[in-house]
Amino acid sequence: MKFQLKYILAVVAMTFVLSSCSNSDDEAISGQGKLAVEFDNVFGSSDLILNSQSNVTSQGETLKISDVKYIISNIVLTKEDGTIFTYPKAQGYFIVSEANAASHVLELNNIPAGNYTKIKFGIGVDETQYNLGETVQGDFFAAAQNEDMAWTWSAGYKHVLFEGMFTSSTVTTPTVFMVHTGKSGAHYNYTDVTLNFPDKALVRTNITPDVHLFADVAKVIDGTNKIVLSDNNMGGMGAMIMSGANLPLITANLAEMFSVNHVHND
């Protein structure tokens, strides 16, 4: 009798466990939630510190960076089943500025609940959107001008701003450098970046994942394409790279600039 009772209790317990697992596996994922995308600027393996930190490139040039900004746009998220969610364009333009900590975290709202495994985003404002005109871009263009991320409307946006002082074996006095990517001749210099998540971002009505990205600003001039500031030094003006053949090379480097460090599902 005792054996039969133990057997019955064991069966009931096992049934409960299996039922619980089944309920967990069949969790209904519905509604909308939020997703935070955090940009953490670094130089190589070091956290970026403006103005005081000496950063050495593979070309032997030493940079003290005073300002880094870039425009993030056209965010697209992919679920584990391949479903794609495109963030509304009208709400999807952001300026990340190293000097403004509040700008480092993009808060994306009204994201369909799901398990996300990939993000795609643009660096800059895409040419199609720009060609819609200043009226369409009004508020964001004004914000970009306030952040020094745009020239006149006809000249367009600065997709990336990278500035500071540098020295090298041939330029021994600290000299200004300015790298601004954007429209230049036949090149619009906008690019997309696609990144896989190391862990799923579990967007729920009660869970807001934080996708933590590293942005290695060294890659702007020290990626696959090596841009030597000394070769672009214009004497008293410093190294000014805002047009010409270097901009497409720098734009190509930007795809290497970003990586996902980790995903929080808290």
Side-chain angles (χ1 to χ4, degrees), residues 32 34-37 39 68-79 82-97 103-112 116-162 178-197 211 213 215 217 219-220 223-225 241-260:
Q32 295 181 326
K34 299 179 181 180
L35 177 70
V37 184
F39 289 82
V68 175
K69 297 176 184 177
Y70 41 87
I71 295 173
I72 300 295
S73 62
N74 294 326
I75 296 172
V76 177
L77 301 168
T78 302
K79 291 183 182 179
T83 304
I84 289 174
F85 172 70
T86 301
Y87 199 71
K89 219 171 195 184
Q91 306 164 29
Y93 292 92
F94 306 89
I95 297 172
V96 177
S97 170
S103 74
H104 298 182
V105 180
L106 313 188
E107 295 183 354
L108 308 182
N109 300 308
N110 302 316
I111 308 297
Y116 290 89
T117 60
K118 185 184 300 186
I119 187 171
K120 178 182 176 183
F121 55 85
I123 306 298
V125 175
D126 58 288
E127 191 168 14
T128 299
Q129 186 72 6
Y130 172 73
N131 286 339
L132 293 178
E134 185 175 357
T135 301
V136 173
Q137 289 284 293
D139 291 344
F140 183 72
F141 183 67
Q145 285 185 308
N146 288 337
E147 287 284 349
D148 192 27
M149 289 299 287
W151 292 287
T152 62
W153 177 255
S154 60
Y157 291 94
K158 300 174 186 177
H159 300 162
V160 173
L161 180 151
F162 182 57
M178 293 184 180
V179 177
H180 299 167
T181 73
K183 184 172 63 171
S184 176
H187 298 282
Y188 191 71
N189 295 306
Y190 166 92
T191 192
D192 289 312
V193 176
T194 300
L195 300 171
N196 293 316
F197 298 159
V211 178
L213 307 184
V217 302
K219 299 295 186 183
V220 174
T224 297
N225 298 309
I241 305 176
M242 303 177 189
S243 61
N246 278 328
L247 286 199
L249 300 177
I250 291 170
T251 299
N253 281 347
L254 299 182
E256 309 169 39
M257 180 173 160
F258 299 91
S259 61
V260 182

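FYI, the numbering just counts along the sequence from 1. All of these numbers come straight from a predicted model, not from anything done at the bench.
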Restricting to ring-ring contact (aromatic ring centres under 6.0 Å, His included), what partner residues turn up for Phe162, sequence neighbours left out?
Phe177
If every non-hydrogen atom of Lys118 is compared with every non-hydrogen atom of Asn196, which pair is closest and at what distance?
CE-OD1, 3.1 Å
What residues form a side chain to side chain contact (heavy atoms under 4.5 Å, CB included) with Thr224, not counting sequence neighbours?
Asn253, Glu256
For the atom pair OG1 (Thr78) and CD1 (Ile84), what is the distance rounded to the nearest 0.5 Å?
4.5 Å
Residues in side-chain hydrogen bond (donor to acceptor under 3.5 Å, both in side chains) with Asn110, at least two apart?
none
ring-ring contact (aromatic ring centres under 6.0 Å, His included) involving His180 - partner list, sequence neighbours excluded
none
For residues 126-137, pull every pair meeting salt bridge (charged side-chain N to carboxylate O under 4.0 Å, His left out), keeping only residues two or more places apart or in separate chains.
Lys89-Asp126
Let me see the working for Phe121 and Phe258 under ring-ring contact (aromatic ring centres under 6.0 Å, His included), right down to the final yes or no.
CA-CA 11 Å; Phe121 55 85; Phe258 299 91; 5.4 Å; yes
Quick one: list whatever passes side-chain hydrogen bond (donor to acceptor under 3.5 Å, both in side chains) with Lys120, sequence neighbours left out.
none
Roughly how far apart are Ser259 OG and Lys219 NZ, rounded to 0.5 Å?
9.5 Å
Any side-chain heavy atom of Ile241 within less than 4.5 Å of one from Met178?
no
Heavy-atom closest contact (Val179 atom, Ile250 atom, distance):
CG1-CD1, 3.7 Å
What's the separation between atom CG in Leu106 and atom CZ in Phe94, rounded to the nearest 0.5 Å?
5.0 Å
Trace of the side chain to side chain contact (heavy atoms under 4.5 Å, CB included) decision for Leu195 with Leu213
CA-CA 9 Å; Leu195 300 171; Leu213 307 184; 4.0 Å; yes
Please examine the side chains of Val76 and Ile119, heavy atoms only from C-beta on, and report whether any two atoms are closer than 4.5 Å.
no
Contacts of Trp153 that satisfy ring-ring contact (aromatic ring centres under 6.0 Å, His included) - sequence neighbours left out:
Tyr130, Phe141
Straight-line distance of Ile123 CD1 to Asn189 CG, nearest 0.5 Å:
12.5 Å
Residue set satisfying ring-ring contact (aromatic ring centres under 6.0 Å, His included) with Phe140, at least two apart, ordered chain then number -> Tyr93, Tyr157
Taking C-beta and beyond as the side chain, do Lys183 and Tyr190 meet within less than 4.5 Å on heavy atoms?
no
Asn109 and Tyr87: side-chain donor and acceptor closer than 3.5 Å?
no
Ser97 to Ser103 - nearest heavy-atom pair and separation:
N-OG, 2.9 Å
Looking at Ser184 and Gly244, what are the two nearest heavy atoms and their distance?
OG-N, 3.3 Å
Kindly write out the residues that satisfy side chain to side chain contact (heavy atoms under 4.5 Å, CB included) with Leu249, not counting sequence neighbours, or none if the list is empty.
Asn225, Ile227, Asn246
After noting the C-alpha distance and the side-chain angles of Leu254 and Val193, does the key distance pass the side chain to side chain contact (heavy atoms under 4.5 Å, CB included) rule?
CA-CA 8 Å; Leu254 299 182; Val193 176; 5.5 Å; no
Taken in chain and number order and not counting sequence neighbours, the residues that satisfy side-chain hydrogen bond (donor to acceptor under 3.5 Å, both in side chains) with Gln91 are none
Does Ser154 have any side-chain hydrogen bond (donor to acceptor under 3.5 Å, both in side chains) partners at least two apart in sequence or in another chain, and if so, which?
Thr152
Quick one: closest heavy-atom pair of Tyr70 and Ala215, and the distance?
OH-CB, 3.5 Å
Taking the side chain as everything from C-beta on, heavy atoms only, tell me whether Gln137 gets closer than 4.5 Å to Gln129.
yes
Is the shortest side-chain heavy-atom distance between Met149 and Ile71 below 4.5 Å?
yes
Closest approach of Leu247 to Met242 (non-hydrogen atoms, all atoms of both residues):
CD1-O, 3.4 Å
Going by the side-chain hydrogen bond (donor to acceptor under 3.5 Å, both in side chains) test, which pairs reach into residues 140-151, not counting sequence neighbours?
Lys69-Glu147, Asp148-Lys158
Heavy-atom distance under 4.5 Å between the side chains of Thr117 and Lys79, does that happen here?
no
